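Counting starts at 1 for both ligands and their atoms, following the listed order. As the structure is a computational prediction, the values presented were derived from the model and not from experiment.
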Amino acid sequence: MLMKTESEQQTGSQYPESNTFSKQDGVVRKSLVVGCGAYLPENIVTNDDLAQRIDTSDAWIRKRTGIRQRHIAADGELTSDLAAAACKPALESAGVDPEEVDLIVLATSTPDNTFPATATRVQAMLGITRAAAFDVQAVCSGFVYALSVADNMVRLGQANTALVVGAEVFSRILDWEDRGTCVLFGDGAGALVLKSGISEAGANGRGILSTHLFADGTHYDSLYVDGGPGTTGQAGFLRMAGQEVYRHAVHNMAEAVEIALEANELNLPDIDLLVPHQANIRIIESIGRRLSVDSDKVVATVGSQANTSAATIPLALTHAVENGRVKSGDLIAMTALGGGFTWGSSLIRW
Ligand code: ACO
């Protein structure tokens, strides 16, 4: 049982007026991950299915990417539908009533419309009427960015119960004639529920330990959509310099984890589970090797789900939780890189 801090005693509130408890008390206010959920559209498209439409093969795709199949949203199924379908089991697993949610941060590059934020439609679908709700756009790093925003708001006392969602319908921004890109992606959504809580200070206390975000816009042209709801006046499809992305992905994602560990005075062997962005099995394995993390501690869902951009991390984490790979006290390292380039990492003590 934690003693009430001076701040709590003065305000009579469970929450401090300042952003954290004094570390001298041995406790701080952190975001605790209390639930997670995932949703994948029913329709599965295999590599062989694609090979009937474009000049590719199951062997080529598997060898270069590890991808066997991807889920593709049905006609009329939108990012908000996928997001809400992931939020429902996340809230259920957390035992949180939707009315308790006071913040929704949704990471997507494929919003339903230019505005309002897709997060507001998800909010309405969940029957929530009082939360703050907005989208974050950092492509495949979007979930780490969204988590960072939500974590900071929770730790500062601006929110107590947050839904952090990654949801994408990338199938709508793919050039299905471009075999170099269309085979790589799929649709899906994942969500985490955060709750504010008083936790032991330092890296041993439960909760989100840190988030680190980076961007370098000089790589804008390496991975982008040549149109869309921007100001170019055309619909647009995803364009990518694959090898350029590959090189930066391995280096930047691994380095982001190293920076996070150092900031928390932790070491590589402390990692219990590595949940990297799921772009390509070769990238995932290279990051694992560079960080000397055993392959049984690396979550890989790219084979059955392909790259769902902002949704890959919450999808992979939910998959790991549902398969009993996460236990209380585990140190989970997450890292992603996406268009921009943007990249980042987060450490969670489960
Ligand atoms: N099927 C068959 N052949 C193909 C396909 C395909 N789907 N796609 C490309 N090829 C061909 C090319 O046309 C080329 O043929 P050519 O030699 O006759 O010109 C040949 O294969 C080699 O093409 P490369 O582009 O050089 O292939 P590479 O070995 O680089 O692999 C890949 C391509 C898989 C995209 C790789 O660069 C990669 O994994 N990059 C990382 C990109 C990524 O994962 N992006 C996801 C978004 S970003 C992110 O999430 C981090």
Side-chain angles (χ1 to χ4, degrees), residues 45-70 107-110 137-145 166 168-171 173-188 190 213-217 219-226 237-257 274-288 290 299-303 305-316 334-345:
V45 175
T46 65
N47 294 343
D48 285 333
D49 293 334
L50 289 180
Q52 288 178 8
R53 289 165 29 188
I54 51 169
D55 182 14
T56 190
S57 67
D58 178 52
W60 192 98
I61 300 170
R62 277 188 200 234
K63 184 165 177 233
R64 303 288 173 109
T65 71
I67 296 168
R68 303 187 304 278
Q69 60 175 45
R70 71 283 296 139
T108 190
S109 305
T110 49
Q137 212 276 47
V139 206
C140 300
S141 317
F143 186 79
V144 175
Y145 268 67
E168 302 281 15
V169 183
F170 251 54
S171 58
I173 56 166
L174 297 176
D175 176 353
W176 286 98
E177 304 293 318
D178 177 11
R179 65 180 182 172
T181 54
C182 74
V183 303
L184 303 175
F185 297 92
D187 302 333
L213 305 181
F214 309 93
D216 179 356
H219 298 284
Y220 190 101
D221 292 338
S222 297
L223 180 57
Y224 67 104
V225 171
D226 57 2
F237 290 121
L238 183 147
R239 307 294 176 204
M240 181 182 75
Q243 286 172 9
E244 182 79 354
V245 173
Y246 192 105
R247 234 186 356 266
H248 284 87
V250 174
H251 173 80
N252 294 12
M253 283 198 262
E255 189 180 65
V257 172
L274 179 64
V275 187
H277 169 53
Q278 306 285 311
N280 177 316
I281 196 67
R282 292 188 297 151
I283 294 176
I284 293 169
E285 287 173 354
S286 296
I287 295 169
R290 167 147 169 196
V299 182
T301 50
V302 68
Q305 300 176 2
N307 181 348
T308 56
S309 190
T312 70
I313 287 184
L315 274 167
M334 307 187 300
T335 183
L337 176 135
F341 293 137
T342 55
W343 68 100
S345 63

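- Counting protein heavy atoms only, atom 45 (N) of ligand 1 is closest to M240 SD, 3.1 Å.
- The residue I54 has no part lying near ligand 1, judged by heavy-atom distances below 4.0 Å.
- Of the protein's heavy atoms, at least one falls inside 4.0 Å of atom 21 (O) of ligand 1.
- Proximity annotation for atom 6 (C) of ligand 1: of T56, V250, T65, T56 comes nearest, heavy atoms only.
- Counting protein heavy atoms only, atom 30 (O) of ligand 1 is closest to Q243 NE2, 3.0 Å.
- For atom 32 (C) of ligand 1, no protein non-hydrogen atom is found at a distance below 4.0 Å.
- Using a 4.0 Å cut-off between charged side-chain N and carboxylate O, D221 and R239 make no salt bridge.
- Using cut-offs of 30° and 60° on the angle between ring planes, the pair F341 and H219 is parallel.
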Review point. So T342 and Y145, side chain to side chain contact (heavy atoms under 4.5 Å, CB included) or not? Walk me through it.
Key: CA-CA 9 Å; T342 55; Y145 268 67; 3.9 Å; yes
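- Applying the salt bridge (charged side-chain N to carboxylate O under 4.0 Å, His left out) criterion to R290, with sequence neighbours excluded, gives E258.
- For the residue pair T46 / Q69, no side-chain donor-acceptor distance below 3.5 Å is found, with atom types taken as modelled.
- Under the 4.0 angstrom criterion, atom 28 (P) of ligand 1 counts as having a protein heavy-atom contact.
- For atom 51 (C) of ligand 1, the nearest non-hydrogen atom of the protein is L337 O, 3.3 Å.
- Closer than 4.0 Å to atom 42 (C) of ligand 1 lies at least one heavy atom of the protein.
- Defined by atom type and a distance below 3.5 Å, a donor-acceptor pair is present between the side-chain atoms of E168 and T110.
- Which of K63, R179, Q278, R247 comes nearest to atom 7 (N) of ligand 1 through a heavy atom is settled by distance: it is R179.
- Of all the heavy atoms of T181, none lies under 4.0 Å from any atom of ligand 1, so neither backbone nor side chain is involved.
- Within a 4.0 Å radius of atom 3 (N) of ligand 1, the protein contributes at least one heavy atom.
- Within a 4.0 Å radius of atom 25 (O) of ligand 1, the protein has no heavy atom.
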